[in-house]
Amino acid sequence: MTNRNSESQGIQSQEARTASNFLHDIIAEDVRTRKYGDALVQTRFPPEPNGYLHIGHAKAICLDFGLADEFGGKTNLRFDDTNPEKEEQEYVDSIQRDVRWLGFEWDRLCYASDYFPQLYEWALELIKAGKAYVDDLSADQIRQYRGTLTEPGKDSPFRNRTVEENLDLFVRMKSGEFPDGSRVLRAKIDMTSPNLNMRDPVMYRILHATHHRTGDEWCIYPMYDYAHGQSDSIEHVTHSMCTLEFTDHQPLYRWYIEQLGIFPSQQIEFDRLNITYTLLSKRKLLQLVQEKHVHGWDDPRMPTLSAFRRRGFTPEAIRTFSTSTGVSRTNGITDIEMLEHFQRDDLNRRVNRAMAVLRPLKLVIDNYPAGQEEFVEVANNPEDPAAGTRQVPFSGEIYMEQDDFREVPPPKYYRLSPGKEVRLRNAYFITAQSVVKDATGSIVAVHCTYDPASRGGNSPDGRKVKSTIHWVSTAHAISAEIRLYDKLFLKPDPNDVEEGGSVLDNLNPNSLEVLADAKLEPSLANAKLEDRFQFERVGYFCVDSDSTPDHMVFNRTLPLKDTWAKIEKKSEA
RNA sequence: UGGGCGAUCGUCUAAUGGUAGGACAGUGCCCUUUGGAGGCACUUGUCUAGGUUCGAAUCCUAGUCGCCCAGCCA
């Protein structure tokens with residue numbers, strides 16, 4: 001089992017039962033025909049530590065770990081760390097944290113950099129076999145010699161150096177004799193191949209850079225193509241899943257393995273995850289962070305797993321989303337509503353309710369005995385009786401939501417307005433009597449009367465009300481900052497930009513709204529980091545990492561579905 | 001205009017020669033002490049044109065459209 005706890009195991013096997021896809025079919029067939037003999041199914045999740053994992057990676061992680069698990073196999077976490085200029089320990093750490101948070105535990109923790117010595121030996125082997133050569137052409141010249149999509153390339157003038165000369169030069173490349181960019185080691189394949197990846201691909205480049213793990217030990221670094229397949233092979237990976245853009249690399253992946261005569265790992269490609277209104281490119285996410293369009297990799301508006309965690313999303317929901325959305329070889333874009341649906345569905349079942357007034361409006365109950373207060377009993381989660389109940393203080397002066405009162409109610413508005421009766425959730429029926437306005441004419445308080453016989457929320461005479469609103473007693477309320485998040489981008493496809501534009505043009509200027517002084521029921525004072533709640537009638541919220549006992553901060557994970565907002569919008573149109 | 005990959009409701013995905021199904025979104029109704037949740041119902045789809053076949057989303061042929069590839073990135 002690759003899962004960390006029994007809870008996620010249950011979910012995992014449930015997902016596994018329903019997850020039938022072409023990758024599953026391929027592996028099942030390989031197992032049936034004993035393609036790898038007695039060997040276990042072995043997979044790997046191979047991130048480059050050059051950024052934080054995002055929800056697109058979650059799909060790959062669920063596939064890599066989930067498929068291996070289904071067939072009783074194992075999964076390694078392998079850092080594809082062959083480019084010291086872009087990789088950092090911070091990313092190595094965050095990736096491990098995020099994979100575990102998602103609910104998976106790897107069999108072996110590996111690094112491509114651990115294989116540098118072996119890769120180097122194999123390069124020597126290929127040189128000796130006349131299958132690799134040192135090229136002195138500049139990067140620019142190599143590009144020119146490569147030809148184009150429609151024209152074949154031509155051989156480098158250095159292509160036919162002797163084995164001895166190649167060996168000598170390559171060893172000296174490794175020993176640091178030559179400056180960056182002066183020489184590369186190339187595979188000798190076919191400069192006329194219609195597949196550009198086969199036109200004598202670069203195997204090694206000279207990079208006098210400090211690597212986050214090997215330090216200054218190496219000044220030559222293998223390219224992805226030369227490192228990835230062999231790393232798979234070393235780990236006896238049987239099924240190496242990757243995204244579609246690597247399809248053209250598969251012949252090269254196989255070429256290295258065949259020339260070296262090593263364990264025949266096989267690469268299988270699947271489609272990358274795309275989600276509407278969401279940017280899933282590590283390079284561009286890095287730009288958002290570096291240029292401070294967001295407050296870091298874990299800014300809750302980001303699509304990174306760290307951000308989803310901070311925002312209150314659950315690993316269970318992300319896993320359910322990943323498997324439900326399926327896997328194929330088509331390039332599609334999944335509606336963000338799908339993700340939100342699975343998250344609401346999960347939170348609705350598991351999370352306790354609380355009352356919080358985001359935009360407070362004072363409500364005075366004129367006939368409530370002066371100075372009196374009482375406690376009303378409230379279910380912690382109506383979906384789950386086992387969650388129990390709690391006592392919430394009530395009094396003659398409470399906060400209600402500004403949105404829940406209209407002096408002139410529009411059609412189909414069921415909430416409070418002058419003369420109308422509504423229910424205060426779990427408390428009493430009230431009828432609005434009058435409003436108090438300030439000098440500018442805006443409403444600062446509403447006066448009402450309550451029906452003492454309706455305690456608990458029902459009137460003994462069977463009288464019905466059209467609406468129930470939430471509230472917090474002013475004397476008992478605690479204050480908190482609340483952060484409301486909206487889509488980071490305005491367009492379904494953030495990359496849909498005009499000529500010369502950038503994704504930044506599509507940034508939503510209102511993606512973050514901060515409410516400095518929301519009023520919460522007192523039980524919330526005990527909330528701890530990452531605790532999740534449904535604020536009734538409002539949405540799902542969690543305690544943010546910026547929160548302190550003196551200054552509580554809550555993030556809105558997602559709003560509740562809002563039928564009234566829909567009606568209102570439709571009537572405006 | 002070289003090569004590779006792909007095309008099924010608005011979106012994602014099943015059906016592997018035999019009733020085109022599910023989920024999300026949408027719409028309507030019911031229910032409701034959250035206009036939440038839940039229940040019921042409805043709408044919409046096999047890229048096109050030929051062919052094989054008793055029968056084609058599936059096989060064949062030709063086209064159309066989309067994505068990927070010319071890093072010493074991964």
Side-chain angles (χ1 to χ4, degrees), chain A residues 18 20-22 25 46-48 50 80-83 85-87 135 137-139 142-144 146-153 180-186 193-199 201-207 221 223-225 227-228 242-251 269 271-274 276 282-283 324-342 344-345 348-349 353 355 378-379 382-383 412-415 423-427 456-458 464-470 492 534-539 559-567:
Chain A
T18 57
S20 164
N21 59 57
F22 81 99
D25 294 345
E48 182 189 12
N50 67 342
D80 223 332
D81 55 351
T82 57
N83 185 354
E85 292 180 326
K86 292 185 176 172
E87 296 150 8
D135 196 345
L137 253 27
S138 70
I142 286 181
R143 189 180 327 120
Q144 283 161 19
R146 185 155 31 227
T148 68
L149 293 178
T150 53
E151 304 157 33
D180 289 5
S182 58
R183 287 183 167 84
V184 292
L185 183 71
R186 290 230 253 172
S193 171
N195 181 344
L196 301 243
N197 295 117
M198 300 299 273
R199 319 241 263 227
V202 172
M203 294 165 60
Y204 273 93
R205 74 280 212 190
I206 300 172
L207 239 38
Y221 290 90
M223 298 288 290
Y224 165 84
D225 284 306
H228 200 96
C242 65
T243 44
L244 248 23
E245 68 269 25
F246 291 100
T247 306
D248 287 343
H249 295 244
Q250 205 188 119
E269 310 87 10
D271 63 322
R272 189 178 266 282
L273 174 68
N274 293 299
T276 54
K282 266 203 262 182
R283 205 193 91 242
S324 302
T325 207
V327 56
S328 67
R329 287 177 69 93
T330 63
N331 322 86
I333 181 159
T334 300
D335 281 340
I336 184 92
E337 285 83 4
M338 187 103 60
L339 207 212
E340 295 178 347
H341 163 77
F342 288 114
R344 287 194 182 98
D345 191 50
N348 176 53
R349 282 192 300 249
R353 316 286 127 127
M355 288 197 285
V378 176
E383 300 285 320
K412 292 188 180 167
Y413 184 83
Y414 300 151
R415 281 114 92 148
R423 171 167 40 232
L424 292 177
R425 176 87 165 143
N426 293 109
N458 275 314
K464 300 286 184 201
V465 289
K466 285 285 261 183
S467 179
T468 299
I469 66 174
H470 58 100
Q534 184 200 97
F535 290 172
E536 291 207 66
R537 301 210 311 132
V538 180
L560 246 32
K561 284 210 214 163
D562 190 344
T563 304
W564 165 244
K566 205 178 284 182
I567 293 168

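Quick note: numbers below take in every heavy atom, side chains included, and nothing from hydrogens, waters or symmetry partners. Here is how names work: the chains are called A, B, and so on, in the same order as the sequence lines, proteins then strands, and each is numbered from 1.
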Query - Distance, P atom - from B:U19 to B:C24, rounded to whole angstrom - result: 25 Å

Query raised in the report: Side chains of A:V202 and A:R186: does their closest heavy-atom pair fall under 4.5 Å?
Result: yes

Report task. Map A:N83 and A:R423 onto RNA chain B by nearest heavy atom, then report which one ends up closer to the 5' terminus. Result -> A:R423

Query raised in the report: At under 4.0 Å between heavy atoms, what does A:T148 touch on the DNA or RNA strands: base, sugar-phosphate, or nothing?
Result: base

Requested in this report: Mind checking A:D80 for me? I need base, sugar-phosphate or nothing, with any heavy atom below 4.0 Å counting as a touch.
Outcome: sugar-phosphate

Query raised in the report: Does A:E383 make a side-chain donor-acceptor contact with the base of B:G36, cut-off 3.5 Å?
Result: yes

Query raised in the report: Any side-chain heavy atom of A:F22 sitting closer than 4.5 Å to one from A:V327?
Result: yes

Query raised in the report: Nearest-Å distance, NE2 (A:H249) to C1' (B:A70)?
Result: 11 Å

Query raised in the report: Checking all strands, does A:E536 fall into the base, sugar-phosphate, or nothing category for heavy-atom contacts under 4.0 angstrom?
Result: base

**Report entry** Candidates B:G35, B:G2, B:C72 - which lies nearest the side chain of A:L196
**Finding:** B:G2

Report summary line: Winner on side-chain proximity to A:E337, out of B:G35, B:A25, B:G66, is B:A25

Requested in this report: Quote, to the nearest angstrom, the C1' distance that separates B:U53 from B:C47.
Outcome: 23 Å

**Report entry** Presence of A:K561 side-chain N/O under 4.0 Å of B:A25 phosphate oxygens OP1/OP2
**Finding:** yes

Requested in this report: Looking at every strand, decide which applies to A:F246 at a 4.0 Å heavy-atom threshold: base, sugar-phosphate, or nothing.
Outcome: base

Query raised in the report: Looking for any heavy atom pair under 4.0 Å, which part of the strands does A:V184 touch: base, sugar-phosphate only, or nothing?
Result: base

**Report entry** Distance, P atom - from B:C68 to B:G36, rounded to whole angstrom
**Finding:** 41 Å

Query raised in the report: Between A:K86 and A:R415, who's closer to the 5' end of RNA chain B by nearest nucleotide?
Result: A:R415

Requested in this report: Pick base, sugar-phosphate or nothing for A:T563, based on heavy-atom distances below 4.0 Å to the nucleic acid.
Outcome: sugar-phosphate

Query - Heavy-atom donor-acceptor pair, A:D335 side-chain to B:G10 base, under 3.5 Å - result: yes

**Report entry** Rounded distance in Å between the C1' positions of B:G66 and B:U27
**Finding:** 31 Å

Query raised in the report: Out of B:A70, B:U34, B:C73, which has the shortest distance to the side chain of A:R425?
Result: B:U34

Query raised in the report: Has the side chain of A:N195 got a donor or acceptor atom sitting under 3.5 Å from an opposite partner on the base of B:G2?
Result: no

Query raised in the report: Hey, does A:D180 reach any base, or is it just sugar-phosphate, or nothing, if we go heavy atoms under 4.0 Å?
Result: nothing

Query raised in the report: What nucleic acid atoms does A:Y413 come within less than 4.0 Å of, heavy atoms only: base, sugar-phosphate, or nothing?
Result: base

Requested in this report: Check the distance between B:G2's P and A:M198's CE and give it to me in whole angstrom.
Outcome: 20 Å

**Report entry** Touch class at under 4.0 angstrom, heavy-atom based, for A:L273 against every strand present
**Finding:** nothing

Query raised in the report: Any side-chain heavy-atom pair from A:H228 and A:H249 closer than 4.5 angstrom?
Result: no

Query raised in the report: Taking the P atom of each, how far is B:G71 from B:A49, in whole Å?
Result: 41 Å

**Report entry** Interatomic distance at P, B:C67 relative to B:A57, whole Å
**Finding:** 28 Å

Query - Minimum-distance nucleotide (side-chain atoms of A:N21 versus B:G35, B:A37, B:A14) - result: B:A14

Query raised in the report: Does some side-chain heavy atom of A:R537 sit less than 4.5 Å from a side-chain heavy atom of A:I469?
Result: yes

Requested in this report: Using atom CE of A:M338 as one end and atom P of B:A25 as the other, report the distance to the nearest whole Å.
Outcome: 9 Å

Report task. Could you tell me whether A:V538 contacts a base, only the sugar-phosphate backbone, or nothing, with contacts defined as non-hydrogen atoms closer than 4.0 Å? Result -> nothing

Query raised in the report: Between A:K561 and A:R344, is there a donor-acceptor pair closer than 3.5 Å when you use the side chain of the first and the backbone of the second?
Result: no

Requested in this report: Check every strand shown and say whether A:G332 touches a base, only sugar-phosphate, or nothing at a heavy-atom separation below 4.0 Å.
Outcome: sugar-phosphate

Query raised in the report: Does A:R329 put a side-chain nitrogen or oxygen below 4.0 Å from OP1 or OP2 of B:A7?
Result: no

Query raised in the report: Can you tell me how far P of B:G38 sits from CZ of A:R344, to the nearest Å?
Result: 11 Å

Requested in this report: Please examine the side chains of A:R353 and A:P382, heavy atoms only from C-beta on, and report whether any two atoms are closer than 4.5 Å.
Outcome: yes

Report task. Using atom CG of A:D271 as one end and atom C1' of B:G4 as the other, report the distance to the nearest whole Å. Result -> 16 Å

Query raised in the report: Of the candidate nucleotides B:G36, B:A74, B:G2, which contains the atom at the shortest distance from the side chain of A:P194?
Result: B:G2

Report task. Sticking with atom C1', work out how far B:U48 lies from B:C65, rounded to a whole angstrom. Result -> 10 Å

Query raised in the report: Hey, does the side-chain of A:Q534 have a donor or acceptor N/O within less than 3.5 Å of a partner on the base of B:U34?
Result: yes

Query raised in the report: Where does B:G71 fall, syn or anti, if syn means a chi angle no more than 90° from 0?
Result: syn

Query raised in the report: Mind checking whether A:R205 and A:N83 have side chains closer than 4.5 Å, heavy atoms only?
Result: yes

Requested in this report: Check whether any side-chain N or O of A:T276 sits under 4.0 Å from OP1 or OP2 of B:U11, and answer yes or no.
Outcome: no

Query raised in the report: Does A:T330 make a side-chain N or O approach to OP1 or OP2 of B:G6 shorter than 4.0 Å?
Result: no

Query raised in the report: To the nearest Å, how far apart are A:E245 CD and B:G71 P?
Result: 16 Å

Query raised in the report: Has A:H470 got a side-chain N or O lying under 4.0 Å from the OP1 or OP2 atom of B:U34?
Result: no

Query raised in the report: A:H341 NE2 to B:G22 C1': how many Å, rounded?
Result: 12 Å

Report task. Check every strand shown and say whether A:I333 touches a base, only sugar-phosphate, or nothing at a heavy-atom separation below 4.0 Å. Result -> sugar-phosphate

Query raised in the report: Within the structure shown, what part of the strands sits under 4.0 Å from A:K466 by heavy-atom distance: base, sugar-phosphate, or nothing?
Result: nothing

Query - Touch class at under 4.0 angstrom, heavy-atom based, for A:I567 against every strand present - result: base

Requested in this report: Taking only Lys NZ, Arg NE, NH1 and NH2, and the carboxylate oxygens of Asp or Glu, determine whether A:R425 and A:E536 approach each other closer than 4.0 Å.
Outcome: yes

Query - Separation of B:U13 P from A:F342 CZ (nearest whole Å) - result: 13 Å

Report summary line: A:T150 has its side chain closest, among B:C72, B:G35, B:G2, to B:G2

Requested in this report: Could you work out the separation of B:G17 and B:C59 based on their C1' atoms and round it to a whole Å?
Outcome: 8 Å

Requested in this report: Please determine if a side-chain N or O atom of A:R199 lies less than 4.0 Å away from the OP1 or OP2 oxygen of B:C69.
Outcome: no

Query raised in the report: Would you say a side-chain N or O of A:T82 is under 4.0 Å from OP1 or OP2 of B:A74?
Result: yes

Report task. Identify whether the distance between the nearest side-chain nitrogen and carboxylate oxygen of A:R349 and A:D345 falls below 4.0 Å. Result -> yes

Query raised in the report: For A:R146, does its backbone N or O pair with a side-chain atom of A:R199 as donor and acceptor, under 3.5 Å?
Result: yes

Query - Under 4.0 angstrom between A:R349 side-chain N/O and B:G38 OP1 or OP2 - result: no

